[in-house]
Amino acid sequence: MTGNAENDQRYDQEPARHRRDKGLQRRRILIGGGTVALAGGLAAAGFASADTPSATTVTSDASASATSGVCTLTAEVTEGPYSLDGALIREDIREEKEGVEVQYTFTVVDQDNDCAPLADALVELWHCDALGEYSGFVGKNGHTEDDDGTFLRGGVLTDSDGGASIVSIWPGHYVSRAVHVHMRVHTDVTLADGTYTGGTLVHTGQLFFDADLNEEVQATSPYADNTTAETPLGDDTIYDDGGAASGLLTLTALGSDVSDGYTATLTVGVSTS
């Protein structure tokens, strides 16, 4: 998907600790999973309301296919103009950023190995803060704040079950895009000095949030201080209404109030060949 407003932006700033990769990778990936990933989130838009601590999950046809080891093909999407190389290896990427806590849990599976769990793959996330600002690019959404080039960026290696857990906050919004998180999955990286080098990029995608829950979150502080226009999920130029196969997270409330936070799960299938 090209030609959207996010890709049309070009910036001259070179942020610290990272090097921008301006190449757009256009491979095919697989979102789905084998039996090991069934509980990880092949549900389409399952979520718990802010008033109910237990989850209500709406399953898709894709979840039924998981028991037979069938993965669902989908095209990957642009990484956008805010990507940076050299993410820090860490489970908590919040630093001092305020917002509704989100505990991400991913299961990465390899389609080229019968959807078996993919171990030792680097799952990398980055997204804007509650005011719609990205580290390394602060000011692009009209707000002034400190910019260390690293907040709300980072990643972890998957375990032997293909699992990866990262703690962050619910993203804010900025002009032209619905609320989203960026994701990359790398294999064969080399870890050193708290970051990574080398490796092979096997997935570039974006993650999305239930529209009703997002409306509740964006109405709370500090999100409500962001007065820039917000694009609804249904009008986003990247999300294609494909549910979990298009990166829609399965959300579960951690408590009885929005401020208590959420877990967010998804099974991500990749092709390593």
Side-chain angles (χ1 to χ4, degrees), residues 25 27-46 55 57-77 79 87-93 102-126 153-168 181-191 195-208 242-252 262-273:
Q25 308 287 336
R27 293 171 308 281
R28 299 288 294 179
I29 59 95
L30 297 107
I31 302 292
T35 52
V36 66
L38 185 58
L42 284 174
T57 301
V58 180
T59 60
S60 67
D61 292 340
S63 63
S65 68
T67 58
S68 61
V70 176
C71 296
T72 303
L73 281 168
T74 187
E76 69 173 16
V77 302
E79 64 184 16
L88 297 175
I89 306 302
R90 54 185 181 175
E91 294 183 358
D92 191 331
I93 65 175
V102 180
Q103 300 175 3
Y104 295 94
T105 300
F106 304 104
T107 302
V108 182
V109 295
D110 184 5
Q111 184 267 347
D112 296 324
N113 188 25
D114 296 325
C115 295
L118 182 62
D120 298 320
L122 174 63
V123 176
E124 175 191 1
L125 300 184
W126 71 96
R153 297 179 183 271
V156 297
L157 293 180
T158 57
D159 59 24
S160 60
D161 295 321
S165 296
I166 298 174
V167 178
S168 190
V181 172
H182 297 267
M183 168 188 273
R184 288 189 293 216
V185 179
H186 314 252
T187 57
D188 302 318
V189 298
T190 299
L191 303 185
T195 184
Y196 76 93
T197 58
T200 300
L201 183 61
V202 296
H203 171 55
T204 302
Q206 295 186 24
L207 311 174
F208 299 93
S246 299
L248 189 66
L249 295 160
T250 295
L251 300 167
T252 304
Y262 295 86
T263 62
T265 60
L266 187 70
T267 297
V268 182
V270 304
S271 174
T272 57
S273 63

- side-chain contact (heavy atoms from CB on, under 4.5 Å) with Thr195: which residues, sequence neighbours excluded? none

- Query: Does any N or O in the side chain of Asp114 come within less than 3.5 Å of the main-chain N or O of Ala116, such that one atom is a donor and the other an acceptor?
  - Reply: no

- Item | With Asp92 via salt bridge (charged side-chain N to carboxylate O under 4.0 Å, His left out) - residues at least two apart | Arg94

- Query: What's the shortest heavy-atom distance between Ala121 and Val185, and which atoms?
  - Reply: CB-CG1, 4.0 Å

- Which heavy atom in Gly162 sits nearest to a heavy atom in Pro117, and how many Å separate them? N-CB, 3.7 Å

- Please report the shortest heavy-atom distance between Val156 and Ala164, naming the atom on each side. CG2-CB, 3.8 Å

- Across all chains, not counting sequence neighbours, the side-chain hydrogen bond (donor to acceptor under 3.5 Å, both in side chains) partners of Ser168 are His127

- Note on the structure: Ser271 and Asp112 have their tightest heavy-atom pair at OG-OD2, 2.7 Å

- Query: Can you name the closest pair of heavy atoms from Gly155 and Ile166 and give their distance?
  - Reply: CA-CD1, 4.1 Å

- Note on the structure: d(Ser165 OG, Gln103 CD) to nearest 0.5 Å is 8.5 Å

- Task: Measure the shortest side-chain to side-chain distance between Leu249 and Phe106 over non-hydrogen atoms and say whether it is less than 4.5 angstrom.
- Result: yes

- Evaluate the ring planes of His186 and Tyr196, with Trp represented by its six-membered ring, and classify them as parallel (under 30°), tilted (30 to 60°) or perpendicular (over 60°). tilted

- Task: Examine distances only and state if a side-chain atom of His182 and a backbone atom of Trp126 form a donor-acceptor pair shorter than 3.5 Å.
- Result: no

- Message: Can a donor-acceptor pair be found, under 3.5 Å and without considering hydrogens, that links the side chain of Asp161 to the backbone of Gly163?
- Response: no

- side-chain contact (heavy atoms from CB on, under 4.5 Å) partners of Thr200, counting only residues at least two apart: Thr187, Val202

- Would you say Asn113 and Thr272 make side-chain contact, with heavy atoms under 4.5 Å? no

- Item | Separation between NE2 of His203 and CD of Glu124, rounded to the nearest 0.5 Å | 11.5 Å

- Query: From Gln206 CD over to Met183 CE, what is the distance, rounded to the nearest 0.5 angstrom?
  - Reply: 11.5 Å

- Task: Taking Thr265 for its side chain and Thr105 for its backbone only, find out whether a donor-acceptor pair lies under 3.5 Å.
- Result: no

- Note on the structure: Heavy-atom closest pair (Leu201 atom, Thr204 atom, distance to 0.1 Å) is CD2-OG1, 3.5 Å

- Query: Under the 3.5 angstrom rule, does the side chain of Thr158 hit a backbone N or O of Asp120 as a donor-acceptor pair?
  - Reply: yes

- Under the side-chain contact (heavy atoms from CB on, under 4.5 Å) test, which residues partner Leu157, sequence neighbours left out? Leu122, Val189, Leu191

- Item | side chain to side chain contact (heavy atoms under 4.5 Å, CB included) between Val123 and Val268, worked out | CA-CA 10 Å; Val123 176; Val268 182; over 6 Å; no

- Mind checking side-chain contact (heavy atoms from CB on, under 4.5 Å) for Val102 and listing every partner two or more places apart, or none if nothing turns up? Tyr104, Trp170, Ala264

